[in-house]
Structures are given as C-alpha cells and as structure tokens.
Amino acid sequence: MLEGLAAWVLNTYLGEYVENLNTDQLSIGLLSGAVELENLPLRKDALQNLDLPVEVKSGFIGRIHLQIPVRALRSEPWVISLEKLYLIAGPASTKKCDLEEEAKRLQERKKQQLAALEEEWKRKCNSSQSQDQSSSWYAYSTSVVYNILENLQLNIKDIHIRYEDDVTIPGQSIACGITIESLSAQSKKPSVSQ
C-alpha cells in the first residue's frame with residue numbers, strides 16, 4: 001500500500017515534468033519511509049502548463065527524495081525534496097496547437113484512467129472482502145490521501161535556469177540565467193480556532 005501511495009504522489013506532482021518517471025519498481029524501507037530517484041531528465045513540454053512562450057531545451061533533476069512519515073501517515077507532512085534542478089529554456093516552437101482541445105483530451109484521459117483504477121479496485125475488493133470491510137478500507141484510504149494532499153511540503157535546492165534565444169533576433173544570440181539557492185512550498189491543513 002505504501003509503495004502505491006508513494007507512486008501516486010510522485011506521479012501526481014512530478015509526472016508531467018519528468019521524463020520516464022517509472023514508479024513501478026519503488027521499494028520503501030518500512031521504518032525509514034524514504035524514496036530516492038536520481039538524474040531524471042525534464043520533459044520538453046514541462047513548462048507548457050505555465051502558459052509561457054518558452055519550452056524546455058534540456059534539463060534534469062539531480063535527485064528527488066520523498067520522505068514518508070511512516071509512523072504518522074495522517075498527521076505528519078510528506079516531504080518532496082528536489083536537488084540540482086538544471087533547466088535550459090528557449091522560445092517556444094511556432095507550431096500552433098489548440099490548448100483548450102489539449103486540456104480536454106488530458107482531462108478525458110485522466111477520467112478514463114481514474115475510472116479504470118476504480119473498477120479494478122472495486123473488483124479486487126468485491127472478490128476478496130465483504131462490502132463492510134471494503135467500505136471501511138475505502139474510507140480510511142481516502143482519509144489518508146486527503147491528509148497527504150493537505151499536508152505536503154516541496155523543497156527545491158540548487159536551481160539553475162538559463163534562457164537561450166537564437167531565433168527572435170536573426171544573427172544574434174541572447175542568453176541569460178538565474179541561480180536560486182532554495183525554494184519551499186507547503187500546503188497546510190487549516191487550523192481550527194475556538
């Protein structure tokens with residue numbers, strides 16, 4: 001179960017940015033709760049969802065570390081740490097694409113995948129457990145997934161971004177870059193005050 005949750009978190013948050021993210025072979029230490037992936041190339045369309053007129057020419061993530069709070073799945077944050085994010089971007093290719101149509105296709109594909117997963121899960125639950133047990137398991141797993149989403153941290157260290165443009169002004173090349181030591185983001189459960 002823990003491998004499945006880790007694979008889901010990695011695919012959900014990093015799958016559209018990283019090429020060849022194979023989470024089928026994950027193994028997690030029972031007590032450590034750590035997953036590490038190294039030297040993952042960035043996808044060419046990783047910046048497409050930002051609606052910027054740039055695309056990835058090349059890039060990679062040196063290391064991805066997912067820390068799973070094994071002893072407190074429902075209360076402690078899941079931490080995704082990225083180290084050595086190197087990105088070379090350039091002007092987007094001039095080919096036209098219908099972004100709305102692409103978004104609709106992506107949404108339909110996600111719905112189909114979700115429906116297939118739900119059908120498989122129902123089939124497995126119905127064949128191996130009674131209805132009461134499966135509904136309580138479903139409620140627990142839904143609660144765990146909700147807590148992951150509401151209590152997730154993302155830490156990025158050693159970021160290098162370079163923009164190269166040899167297309168906009170014919171005969172001239174432009175290059176500029178930025179280095180960022182670290183960035184952090186956290187989703188947090190709303191606190192209840194009385």
Going by heavy atoms in the side chains, are [X] and [Y] under 4.5 Å from each other?
X	Y	value
Asp158	Lys84	yes
Glu164	Ile88	yes
Trp78	Leu66	yes
Ile64	Leu10	yes

Hydrophobic cluster membership, [X] vs [Y], 4.5 Å side-chain cutoff:
X	Y	result
Val35	Ile156	yes
Val54	Leu85	yes
Val18	Leu152	yes

Contacts satisfying ring pair (Phe, Tyr, Trp, His ring centres under 6.0 Å) that involve residues 99-120 (not counting sequence neighbours) are none
**OP:** Indicate the ring-plane relationship of Phe60 and Tyr86, choosing parallel, tilted or perpendicular according to the 30° and 60° boundaries.
**Re:** tilted
Between atom [atom1] of [X] and atom [atom2] of [Y], what is the distance when rounded to the nearest 0.5 Å?
X	Y	atom1	atom2	value
Leu87	Tyr163	CG	OH	12.0 Å
Asp165	Gln172	CG	CD	10.5 Å
Lys157	Ile180	NZ	CD1	15.0 Å
Ser81	Leu154	OG	CG	8.0 Å
His65	Leu37	NE2	CG	10.5 Å
Leu82	Ser182	CG	OG	12.0 Å

Solution key, residues 38-46 side-chain donor-acceptor pairs under 3.5 Å, sequence neighbours excluded:
from  : atom 1 : to    : atom 2 : distance (Å)
Arg43 : NE     : Asp45 : OD1    : 3.0
Arg43 : NH2    : Asp45 : OD2    : 3.3
Lys44 : NZ     : Lys57 : O      : 2.3

Smallest heavy-atom separation, Leu47 atom then Glu55 atom, equals CD1-C, 4.4 Å
